[in-house]
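Numbering of ligands and ligand atoms starts at 1, following listing order.
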Amino acid sequence: MKEIKSFNKPIYITRPLLPPLNEVYKKIKEIWESKWLTNFGQQHKTFELELKKYLKVKNLSLFCNGTLALQLACQALELTGEVITTPFTFPATINSLYQNNITPIFCDIKLDDFNINPDEIENLITPNTSALMPVHVFGNPCDVEKIDNIAKKYSLKVIYDSAHCFGVEYKGKAIGTFGDVNMFSFHATKIFHTLEGGALTYNDEKFNLKFFLLKNFGIKGEEDIFLPGTNAKMNEIQAAIGLLNLNLVDEEIEKRKKLTKIYKVNLKDIIGIRFLEENKEVIYNYQYFPILIDEFEFSLNRDQVYEEMKKYNVFTRKYFYPICTQYKYYPCKDADNFPNAEKIANEILCLPIYGELMEEDILKICEILLYLKKE
Ligand code: T4K
């Protein structure tokens, strides 16, 4: 097989959606002329309304990032004691519990979707359990029916970490309508972003005021102070970028869908590489393209592939390695008791995917993988 030349520029796992600069200038000019930079200005109001429509949710509250949104969701739901969650996630999920003095209780994941295994949740419920915090990993919906049934049976709250789920639908329902509260992240690395940012969506409108107070120091008006809130507001520039990106995100999803198909067609016959099957009842956003590498079948292990790809200027990511139970600051009993999460974390590799990539870039990444196997 012929030697493959490396890419002449770095190929990262993702690149942010960038609205045309002239449109950004126009928005900045509007904001400058209004002299209103933050604290729920016109951009914020318009963005909140538009986003609510786009995400097909009843209620939505904007935040300066997803992590603080998640932390404040725990406070709004008055969670205490223990919350059952997954070890296979980004540290922000678990840190939001820690910040609220809540103990994360880890539940292993399923091998077919990398999400929390609902069949193991009931064994972990104790009198101290106040909620479940599942994560829709890589935008694949969890088993929401089973999870919501368990929550009802034990009167537990459910906060879904939907950081990866912008625009995802399950059985014809928007993902942001399940559970008590959903958190979306609008970080620059997400398919839809506001530079940094996040939102909570929820069916019960009683949370409107609570979330407003929690992100706005607990104050409403000049003299009414209701609770010890923090500052987690989204500013006008973030909201304006959100408005501009809302016009672009459908096309970005479409492009990534096509690139995903090219990956699948070209990787499906490489022994030792596996990827997730799509569920026909889900509308995906194609934000990530994770593969699993079986070191015995592929002949290289995941870490070797990760390093080798760098030589070709391809910067893949090992989301989410190591799993959260391995972090030194989590006093996790049974830290070795999560065989599925361990297995996936050791085999996972997220390949570059973003709308700017060309079909030939994806073909070349596949060719490199094939070449590595044959080497
Ligand atoms: N829950 C879950 C399940 C999450 O995955 C996340 C965040 C959260 C909660 C918390 O939401 P936020 O508080 O972030 O809203 C990135 C993101 O920073 C993080 O938002 C995301 N998950 C996580 C999965 O990925 P890093 O440390 O891997 O990002 P970084 O800086 O290495 O960027 C990755 C690649 O993206 C770079 O190699 C190049 C490209 N990139 C990145 C940035 C920041 C750009 O091209 N431009 C950019 O501006 O965490």
Handout entry: E78 with K157: basic N within carboxylate O range, under 4.0 Å
Key = no
Completion exercise
Counting only non-hydrogen atoms and a 4.0 Å cut-off, the residues near ligand 1 are Y12, I13, T14, R15, P16, N65, G66, T67, T89, F90, A92, T93, V135, D161, A163, H164, M183, S185, H187, A188, T189, K190, G197, Y288, R317, Y319
Practice task
Flag the pair F88 / Y319 as yes when their ring centroid distance falls below 6.0 Å, and as no otherwise.
Solution key: no
Handout entry: K45 charged N/C atom sitting above F40 aromatic ring, 6.0 Å / 45°
Key = no
Practice task
For the pair E347 and K343, find out whether any cationic side-chain nitrogen is under 4.0 Å from an anionic carboxylate oxygen.
Solution key: yes
Problem - Name of the residue among Q71, M133, E82 meeting side-chain contact (heavy atoms from CB on, under 4.5 Å) with L97 - result: M133
Completion exercise
Hits for ring-ring contact (aromatic ring centres under 6.0 Å, His included) against H193, two or more places apart or cross-chain, chain-then-number order -> none
